[in-house]
Amino acid sequence: MKVAIGSDHAGYELKESVKGYLSSKGVEVLDIGTYSEEKVDYPDYAKKVCEKLRSGEANLGILICGTGLGMSIAANKCRGIRAALCLYPDMARLAREHNNANVLVMAGRLMGKELANWTVDAFLNSYFQGGRHERRVKKLEEIE
Ligand code: RB5
């Protein structure tokens, strides 16, 4: 399992924390930046993480900006990407089980580090349920 992770400046601190958490659990992490709190534009980092998924270099993605909103909007413009803004573990579980989300988006300015770790755990340890959800996810692809 390889996870591509990226953030803008507002998500940088939480990205570093989540990255450390994942590494401590033995998850391989591909950090595409940003690498400091210098101001940057979130679409650039959303695009980079999505490209890693689309090329097969990573299986899942994590994106963090201040609210998670900009990263969600940007990532969902990429073909094949289903990015879900999740502020709680249950949202992350359902994003995988029902929506087959492949990118977890979190809010660096709204979430504490522990909550973010729990949310990441829920995302990585949940799986698409298929069934009636398969049809709905297919319809998402048709919109693309
Ligand atoms: C940056 O100030 C902020 O706008 C960004 O991190 C994000 O919250 C945008 O949606």
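One-based numbering, in listed order, for ligands and for the atoms of each. Position 1 is the first residue of the sequence, and the numbers go up from there.
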Exercise for review: Give every residue pair that meets the side chain to side chain donor-acceptor pair (under 3.5 Å) criterion with at least one member in residues 77-88, sequence neighbours excluded.
Suggested key: none
Point to revise | Pairing of Arg93 and Glu97 as salt bridge, 4.0 angstrom limit | key: yes
Check your understanding: So, Lys48 and Glu51, do they make that salt bridge, N to O below 4.0 Å?
Key -> no
**Study point:** Non-neighbouring partners of Glu134 that pass side-chain hydrogen bond (donor to acceptor under 3.5 Å, both in side chains), sequence neighbours left out
**Key:** none
Exercise for review: Go through the structure and list residues passing salt bridge (charged side-chain N to carboxylate O under 4.0 Å, His left out) with Asp121, not counting sequence neighbours.
Suggested key: Lys25
List below, pair by pair, the N or O atoms of ligand 1 and of the protein that are less than 3.5 Å apart, including the distance to 0.1 Å; reply 'none' if no pair qualifies.
| residue | atom | partner | partner atom | Å |
| --- | --- | --- | --- | --- |
| ligand 1 | 2 (O) | Arg109 | NH1 | 3.3 |
| ligand 1 | 6 (O) | Asp8 | OD2 | 2.6 |
| ligand 1 | 6 (O) | Gly66 | N | 2.8 |
| ligand 1 | 8 (O) | Gly66 | N | 3.3 |
| ligand 1 | 8 (O) | Thr67 | N | 2.9 |
| ligand 1 | 8 (O) | Thr67 | OG1 | 3.1 |
| ligand 1 | 10 (O) | Thr67 | OG1 | 3.4 |
| ligand 1 | 10 (O) | Gly70 | N | 2.8 |

Review point. Where the side chain of Asp41 meets the backbone of Asp44, is there a donor-acceptor pair that is under 3.5 Å apart?
Key: no
